[in-house]
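Quick one: this structure, given as structure tokens, is what I'll be asking you about.
All residue numbers refer to positions in the sequence shown, counting from 1.
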Amino acid sequence: MVAVLGFAVSGSGASLPIATAATSAVPLPFDQNEAVQIAQGYNGGTHQGASIYGLDLVLANDETSGAPVLSPFDGSVPWAFAPGDKTGCIEILASDGQFGAMLCHVMLDRPFAHGEKVKRGQQLGTVGAPGMVGNNGLAHVHMELHVHGRSSDIVPFSTSEGGLSLDGWDLPATGESNEHAGDGPLVSTNLATNLPTVAAISN
């Protein structure tokens, strides 16, 4: 792989952005200091084809259902399903345009417009309860990393493979079945910026 002006050129001729120090990691979609386990890894179960490098994330405290789901980037929303619709997915494209993160099985708080701006740590919704938003009975967030926000360009959470680490955990792909399942706990460095207060909830 040859580096050219901030991009890596693969053997097939496709260019992949090289992660810089400022963009070498994507934070977890949970609040700061939450401990997270990988329930299903790369190339396992439902993670095949276009989703081969997806990860299913759960909280280590077994309180995943209903947990706030936060934007991992400052950026914008290229697309999102309607709240409660289909598999509850939303894509967040980082403001530099290099990477997008898709989060699924989320009960989105509201409809998100195409191109709508979001901030890192902004609450997008909550983790769907078991059996809701296509989660196959397990409350979790399915997360994928996409080059330029294109779902057809999925990459592992690994800087050495053209992606970003996941909150400091570099997770390369070797082709193993269900790779990285059981890894953790990963500790979130994301920070909620707009969680509803107790007063707001009571009203």
In chain order, what residues pass the ring-ring contact (aromatic ring centres under 6.0 Å, His included) check against Phe30, with sequence neighbours excluded?
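In terms of ring-ring contact (aromatic ring centres under 6.0 Å, His included), with neighbours along the sequence ignored, Phe30 is linked to no residue.
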Would a distance-only check, ignoring hydrogens and angles, find a side-chain to backbone donor-acceptor pair under 3.5 Å from Asn43 to Ile52?
no
Judged by atom type as modelled, is there a donor-acceptor pair below 3.5 Å linking the side chain of His47 to the main-chain atoms of Gly45?
no
Gln37: what forms a side-chain hydrogen bond (donor to acceptor under 3.5 Å, both in side chains) with it, not counting sequence neighbours?
none
For Ala139 against Pro130, the heavy-atom pair lying closest together
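Looks like CB-CD, 4.1 Å.
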Would you say the side-chain atoms of Asp31 pair up with the backbone N or O of Ala192, donor to acceptor, closer than 3.5 Å?
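Here the side-chain-to-backbone pair exists.
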Nearest 0.5 angstrom please: Leu171 CG to Ser158 OG, how far?
7.5 Å
Check: residues 81-89 side-chain donor-acceptor pairs under 3.5 Å, at least two apart:
none

Which heavy-atom pair separates Leu70 from Leu103 by the least distance, and what is that distance?
O-CD1, 4.0 Å
Enumerate the side-chain hydrogen bond (donor to acceptor under 3.5 Å, both in side chains) contacts for residues 59-71, please, sequence neighbours excluded, ordered by first and then second residue.
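Found none.
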Has the side chain of His114 got a donor or acceptor atom that lies under 3.5 Å from a matching backbone atom of Pro78?
yes
Pairs involving residues 156-175, ordered by first then second residue, that meet ring pair (Phe, Tyr, Trp, His ring centres under 6.0 Å) (sequence neighbours left out)
none
List the residues meeting side-chain contact (heavy atoms from CB on, under 4.5 Å) with Lys119, not counting sequence neighbours, and say none if there are none.
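Checked Lys119 against side-chain contact (heavy atoms from CB on, under 4.5 Å); matches are Asp74, Gln122.
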Please name the pair of heavy atoms, one in Asp170 and one in Ser160, separated by the smallest distance, quoted to 0.1 Å.
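Asp170 and Ser160 have their closest heavy atoms at OD2-OG, 4.1 Å.
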For Glu144 versus Ala50, what's the shortest heavy-atom pair and its separation?
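Result for this residue pair: OE1-O, 4.0 Å.
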Partners passing side-chain hydrogen bond (donor to acceptor under 3.5 Å, both in side chains) against Thr189 (at least two apart in sequence or in another chain):
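If we apply the side-chain hydrogen bond (donor to acceptor under 3.5 Å, both in side chains) test to Thr189, skipping adjacent residues, the hits are Asp167.
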Kindly give the heavy-atom pair with the smallest separation between Pro29 and Val141, and that separation in Å.
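It is CG-CG1, 4.2 Å.
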Does the side chain of Met102 come within less than 4.5 Å of Trp79's, by heavy atoms?
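Side-chain contact under 4.5 Å: yes.
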Any side-chain to backbone donor/acceptor pair from Ser24 onto Ser165? Under 3.5 Å, distance only.
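Not a single qualifying donor-acceptor pair exists.
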In the structure I gave you, are the side-chain heavy atoms of Val187 and Asn33 within less than 4.5 Å of one another anywhere?
yes
Is a side-chain donor-acceptor pair under 3.5 Å present for Glu91 with His146?
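On atom types as modelled, these side chains qualify, holding a pair under 3.5 Å.
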Val69 side chain near Gln123 side chain, heavy-atom distance below 4.5 Å:
no
Testing the 3.5 Å rule here: is there a donor-acceptor pair between the side chains of His105 and Asn136?
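Per modelled atom types, His105 and Asn136 side chains form no pair under 3.5 Å.
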Quick one: pull up CE in Met107 and CG in Asn135 and give me the separation to the nearest 0.5 Å.
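Those atoms lie 10.5 Å apart.
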List for me each residue that meets side-chain hydrogen bond (donor to acceptor under 3.5 Å, both in side chains) alongside Thr46, sequence neighbours excluded, and say none if there are none.
Gln40
Among Leu59, Val127, Val58, find the one that has a side-chain contact (heavy atoms from CB on, under 4.5 Å) with His140.
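Looking at Leu59, Val127, Val58, the match for His140 under the side-chain contact (heavy atoms from CB on, under 4.5 Å) is Val58.
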Judged by atom type as modelled, is there a donor-acceptor pair below 3.5 Å linking the side chain of Asn190 to the main-chain atoms of Pro27?
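No, the answer is negative, given that no donor and acceptor are paired below the 3.5 Å cut-off.
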Partners of His180 by side-chain hydrogen bond (donor to acceptor under 3.5 Å, both in side chains), sequence neighbours excluded?
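Residues passing side-chain hydrogen bond (donor to acceptor under 3.5 Å, both in side chains) with His180: Asp183.
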Checking side-chain contact (heavy atoms from CB on, under 4.5 Å) against Leu186, which of Leu57, Leu55, Leu28 comes through?
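Single pass found, and it is Leu28.
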Of the non-hydrogen atoms in Pro72 and Val26, which two are nearest, and what is the gap between them?
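Looks like CB-CG2, 3.7 Å.
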Report the residues that fulfil side-chain contact (heavy atoms from CB on, under 4.5 Å) with Gln32, sequence neighbours left out, ordered by chain and then residue number.
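Only Leu191 meet the side-chain contact (heavy atoms from CB on, under 4.5 Å) criterion with Gln32.
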Contacts of Glu176 that satisfy side-chain contact (heavy atoms from CB on, under 4.5 Å) - sequence neighbours left out
Thr174, Glu179
Sequence-distant partners of Val77, side-chain contact (heavy atoms from CB on, under 4.5 Å), two or more places apart
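Per chain and number, Val77 pairs via side-chain contact (heavy atoms from CB on, under 4.5 Å) with Ala80, Ile90, Ile92, Phe112, Val118.
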pair Leu145-Tyr53: side-chain heavy atoms closer than 4.5 Å
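Not touching, per the 4.5 Å side-chain cut-off.
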